[in-house]
Amino acid sequence: MKIEINTFEDLKALAIVKGLKISTELPGIFGYKSRWGLKQAMKNPEKKEIIIKKANIFFKT
């Protein structure tokens, strides 16, 4: 099963499947303090690429 991460909603879905807490654990993985901060970072093209790379490494292993 291949899931492509493009949006914040994709990150949320993967976190739910993995059993992570969306408000605390998910943002912490990517270095953010809140879900809102991570969501805003996903709107920035440069930060989005960095987050997607980290997410691919974290969720694929």
Side-chain angles (χ1 to χ4, degrees):
M1 180 166 110
K2 174 105 168 106
I3 298 174
E4 190 170 329
I5 302 167
N6 288 320
T7 65
F8 178 72
E9 299 301 320
D10 297 337
L11 286 176
K12 276 181 37 178
L14 286 172
I16 291 169
V17 169
K18 289 276 191 173
L20 297 173
K21 294 179 182 174
I22 295 172
S23 296
T24 55
E25 292 178 344
L26 181 63
I29 292 168
F30 302 105
Y32 292 90
K33 293 182 182 178
S34 66
R35 180 179 68 195
W36 182 83
L38 178 59
K39 187 174 184 176
Q40 293 302 310
M42 287 294 287
K43 293 179 181 179
N44 180 328
E46 293 174 12
K47 291 181 181 180
K48 181 178 179 178
E49 289 299 318
I50 295 168
I51 293 169
I52 289 173
K53 287 178 185 177
K54 287 182 181 180
N56 283 327
I57 292 169
F58 180 79
F59 288 115
K60 305 299 182 193
T61 58

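Every heavy atom of this structure was used, including side-chain atoms; hydrogens, water molecules and symmetry mates were not. Nothing fancy with the numbering, it's 1 onward along the sequence.
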Note to self: Quick check for you: to the nearest 0.5 Å, what is the distance between Leu26 atom CG and Phe58 atom CZ?
What the structure shows: 8.5 Å
Next item on the list: List the atom of Ile5, the atom of Ala55, and the distance in Å for their closest heavy-atom pair.
Entry: CD1-CB, 3.6 Å
Checklist line | Interatomic distance, Asn56 atom CG to Glu4 atom CD [nearest 0.5 angstrom] | finding: 8.5 Å
Item checked: Euclidean distance, Leu11 CG relative to Lys54 NZ, rounded to 0.5 Å -> 12.0 Å
Checklist line | Minimal non-hydrogen separation, Gly19 against Glu25, with atom names | finding: O-OE1, 4.3 Å
Note to self: If I take atom CD1 from residue Ile57 and atom CD1 from residue Ile29, how far apart are they, to the nearest 0.5 angstrom?
What the structure shows: 12.5 Å
Item checked: Spatial distance of atom OH (Tyr32) from atom CD (Gln40) [nearest 0.5 Å] -> 10.5 Å
Next item on the list: Kindly write out the residues that satisfy side-chain contact (heavy atoms from CB on, under 4.5 Å) with Thr7, not counting sequence neighbours, or none if the list is empty.
Entry: Glu9, Asp10
Side-chain donor-acceptor pairs under 3.5 Å in residues 42-52, sequence neighbours left out?
residue : atom : partner : partner atom : Å
Asn44   : OD1  : Glu46   : N            : 3.0
Lys48   : NZ   : Asn6    : O            : 2.9

